[in-house]
Number of protein chains: 2
Amino acid sequence: MPRRRITQADVAAMAGVSQATVSFVLNDRVPEGVHISADTRQRVRDAIRITGYSANPVAQRLAGGRNQIIGVFTYEATFPGGGRDFYGPFLVGIEHAAEQLGIDILLFTSARVVEGRRRLTRDGWQRLGIADGCLLLGQHEDRSELQHLLDTNYPFAFIGKRASEGGRLPYVGADYVTATRRAVERLVALGHRRIGYVGELGTDQPTLDRLEGYRATVQQAGLSARLVTEEDPAATAAAVVDQGLTALVVAPERDAEELSDALLARDVRVPRDVSVLLLGQPHRRLRRPQEWSGFAIPREEMGARALLMLSRLVANDDVPETELHQLLECPEVEGATAAPPPGAPAPGGQGPADPTELATAP
Amino acid sequence: MPRRRITQADVAAMAGVSQATVSFVLNDRVPEGVHISADTRQRVRDAIRITGYSANPVAQRLAGGRNQIIGVFTYEATFPGGGRDFYGPFLVGIEHAAEQLGIDILLFTSARVVEGRRRLTRDGWQRLGIADGCLLLGQHEDRSELQHLLDTNYPFAFIGKRASEGGRLPYVGADYVTATRRAVERLVALGHRRIGYVGELGTDQPTLDRLEGYRATVQQAGLSARLVTEEDPAATAAAVVDQGLTALVVAPERDAEELSDALLARDVRVPRDVSVLLLGQPHRRLRRPQEWSGFAIPREEMGARALLMLSRLVANDDVPETELHQLLECPEVEGATAAPPPGAPAPGGQGPADPTELATAP
DNA sequence: CGTCGATAATAATGCGCATAATCCCCTTGT
DNA sequence: ACAAGGGGATTATGCGCATTATTATCGACG
């Protein structure tokens, strides 16, 4: 006997009022010109308690209300190939915050992958409409899709810094510039003068930020930038040796362990001969994660903060402009892969620029 | 200008038919006595293509239709404390299958935690109704809640074997009995005669199954069961040494690495002195996962298969009884922690029972 | 005494869809 | 010539809620 679920009409009948009144009491906000007495309110509340009524989120949504569901959209396909290793921590943070807020999470896994990336369109915007708002995750967002979101005033927030669209995109990102700056400064403080950047020269925001932090700091210390962009670990190791680098900052797209092995093959040891700082934990899980120095990316916190921001956006809490763009600090990781350069046992202040620099860098 | 989204009415107008006709064509299934000509069908399809219409899942659901959303409910709180390490792989499998099927995933993170476990009720069944069906994950399900699901005919499926409720609960589980049996058989084949079971004596299904597999195999080999239930690794190691065990099967709730360390402290080495097989990868991530022998739990596949089963249940594909209870095979893991017992270098067939057995086991 | 303004609430509407009930027209049988 | 039947669609209804428009009562004011 699948007896009907309790509806507002049931509650209304019990309280001796109309369905509309129940709705008003529930939302605790009556339109202009409508009044509900304290007594009636109480009767409705009692009826709700007695019947155990709870709102049908589907109907709420259809009628244009909120339903405490936040969508999560990932531009890159989470499958196959360990995408989750990367997105997992964000999800964890999002779920955590959602649990606190009493919000359900809708994963848009149905969006088909077109040319390697997911599309919000293609099979309909409509599915977005189930959720009160949506968190966007990944690199390759689509301009026109974003424009549509802005046009329709659909609440959304990015996880990861977004500089485009004239700063109209709400986001929670990680402060790679500062974190990279500090990493390089650590190396400089240890006495390093030939500090290389190992990574790809992409145009994505994280890479731009890391490079900016690296370049600015290196320049400020009177050193020159040395980019090692080889993809192959062996080639990278060769470049490091050729350029006589004593320290490296390694972007997450490169595998520090493979690099370390390749260096070892040339009898170059970390950190004895070359110090290594990771600019964020890599996508692949490390065999010995605790050993690597550098900084961590606060992925869980980013997810949680983004959900918080979005829920405020949804509630239309008039979020101030300044809170729409959050950059979280990347915690430093001490590790064991940073040491003074060989032949310079005393870590000191900032000395003069490397005297061999002009000779090796044309 | 937030122009309205395309509705069936729009499509209908363009095709010169009624909204109902569009609905019929879309669902490709007309009620008794209704007929749509091939020509009309084509006009509607064209209109759909031109307008880029896609159904509003919320309205679909409210009107009693399906909306391609599957819920995932986790009984244990996923937070705090690495719950995701455990549930993550299931989720990955679920998402993977969902992507194939064009289904979205709704995580019921909003269900508040009462006394350490989540409740489907408490804050409303209604939220379940958003999804076409629901996957249930975790140990501590509630009888009355299940009964309600059965009563209301709400489609659901468990991930993990469920023997209760007279076999009416659909599930996809892992065959721990067989996997454990094979693990013990491996040890017997290596020549071991004193094989211990390390783990907790819970009444949960996985534990019951592991114990059943262990007891049956040990008995069949003419050996006696030796349960080591100490929680502390050091105490476990002591018990292992006291009982003169040469091999262990270790349930996932115990940390094999800690145990190994504790054994090492007594100068007992794995696998030289004691062989160890893991009865499923442990919850905590291992430092050297590849080294441990035993079997793996096909978590991703379980998630995927469960979603497949549920989607068939939802579609009312008349799933045969036999497919409602699936047990997946646990792949063996070779590893390096299993070896012949000390002093018995030649791994042979099944010899006689351990001669010292009666002396040490009262 | 009629009317304005507030209070207190209700009836009515529509969200977009699935589906039951109904309608119209044309062919066939008698 | 007229009923019966079936193909081809339409209209109507309701899902449960938010929201707008409307009604009713009452005290105060001129």
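As the structure is a prediction and not an experimental result, all values here were calculated from the model. Each chain gets a letter, A, B and so on, in the order its sequence line appears, and its residues count up from 1.
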Return the value, rounded to whole Å, for the distance between atom CD of A:Gln126 and atom P of C:dC17.
6 Å

Any pair counted as salt bridge (Lys or Arg N to Asp or Glu O under 4.0 Å), so long as it reaches residues 51-67 of chain B, sequence neighbours left out:
B:Arg61-B:Asp132

Give the residues of residues 34-46 of chain A touching DNA chain C, defined as any heavy atom closer than 4.0 Å, sorted by residue number.
A:Val34, A:His35, A:Ile36, A:Ser37, A:Thr40

Just to be sure I understand the rule, does A:Ala55 reach a base, reach only the sugar-phosphate, or reach nothing, if contact means heavy atoms closer than 4.0 Å?
sugar-phosphate

Using five pairs at each end of the helix from C:dC1-D:dG30 to C:dT30-D:dA1 to define an axis, what is the angle between those two axes, to 10°?
80°

Could you work out, with side chain to side chain contact (heavy atoms under 4.5 Å, CB included) as the rule, every residue matching A:Pro170, not counting sequence neighbours?
A:Phe156, A:Ala157, A:Met309, A:Leu313, A:Leu324

Please identify each residue that fulfils side chain to side chain contact (heavy atoms under 4.5 Å, CB included) with A:Ala59, with sequence neighbours left out.
A:Asn56, B:Leu62

Could you tell me the separation between the CD atom of A:Glu32 and the P atom of D:dT20, rounded to a whole number of Å?
11 Å

Looking at B:Gly138 and B:Tyr87, what are the two nearest heavy atoms and their distance?
CA-OH, 3.7 Å

Under the salt bridge (charged side-chain N to carboxylate O under 4.0 Å, His left out) test, residues paired with B:Arg41 that sit two or more places apart:
B:Asp28

May I ask you to verify if any side-chain N or O of A:Ser23 is less than 4.0 angstrom from the OP1 or OP2 atom of D:dA18?
yes

Sorted by chain and residue number, the salt bridge (charged side-chain N to carboxylate O under 4.0 Å, His left out) partners of B:Asp39 (sequence neighbours excluded) come out as B:Arg43

Answer whether the closest heavy-atom distance between the side chains of A:Glu99 and B:Arg118 falls below 4.5 Å.
yes

Atom pair distance, as rounded to whole Å: CG in A:Asp10 and P in D:dG16
9 Å

Among pairs that include at least one residue of residues 11-25 of chain B, which meet side chain to side chain donor-acceptor pair (under 3.5 Å), considering only residues two or more places apart or in two chains?
B:Gln8-B:Gln19, B:Ser18-B:Thr21

To the nearest angstrom, the CD-P distance between B:Gln8 and D:dT11 comes to 15 Å

Applied to residues 15-73 of chain B, the ring-ring contact (aromatic ring centres under 6.0 Å, His included) test, sequence neighbours excluded, yields B:Phe73-B:Tyr75

Side chain to side chain donor-acceptor pair (under 3.5 Å) filter on A:Ser37, not counting sequence neighbours, yields A:Thr40

Roughly, in whole Å, what's the span from CZ in B:Phe24 to C1' in D:dT11?
11 Å

Among residues at least two apart in sequence or on other chains, which ones pass side chain to side chain contact (heavy atoms under 4.5 Å, CB included) with A:Gln147?
A:Leu150, A:Asp151, A:Glu165, A:Arg168

Return no unless some side-chain N or O of B:Gln60 is found under 4.0 Å from OP1 or OP2 of C:dA18.
yes

Distance check needed: D:dG16 P versus A:Tyr53 OH, whole Å only.
10 Å

For D:dT10, take OP1 and OP2 only and decide whether either is under 4.0 Å from a side-chain N or O of B:Thr21.
yes

Check the distance between C:dC17's P and B:Gln68's CD and give it to me in whole angstrom.
15 Å

Between N or O atoms, less than 3.5 Å apart, protein on one side and nucleotides 12-15 of chain D on the other: list the pairs.
| residue | atom | partner | partner atom | Å |
| --- | --- | --- | --- | --- |
| D:dC15 | O2 | B:Leu62 | O | 3.2 |

In Å and rounded to the nearest 0.5 Å, what is the CG to CD1 distance from B:Asp10 to B:Ile48?
12.0 Å

Ignoring backbone atoms, establish whether A:Ser18 has a side-chain N or O less than 4.0 Å from OP1 or OP2 of C:dA11.
no

Can you tell me how far P of C:dT19 sits from CG of B:Asp28, to the nearest Å?
13 Å

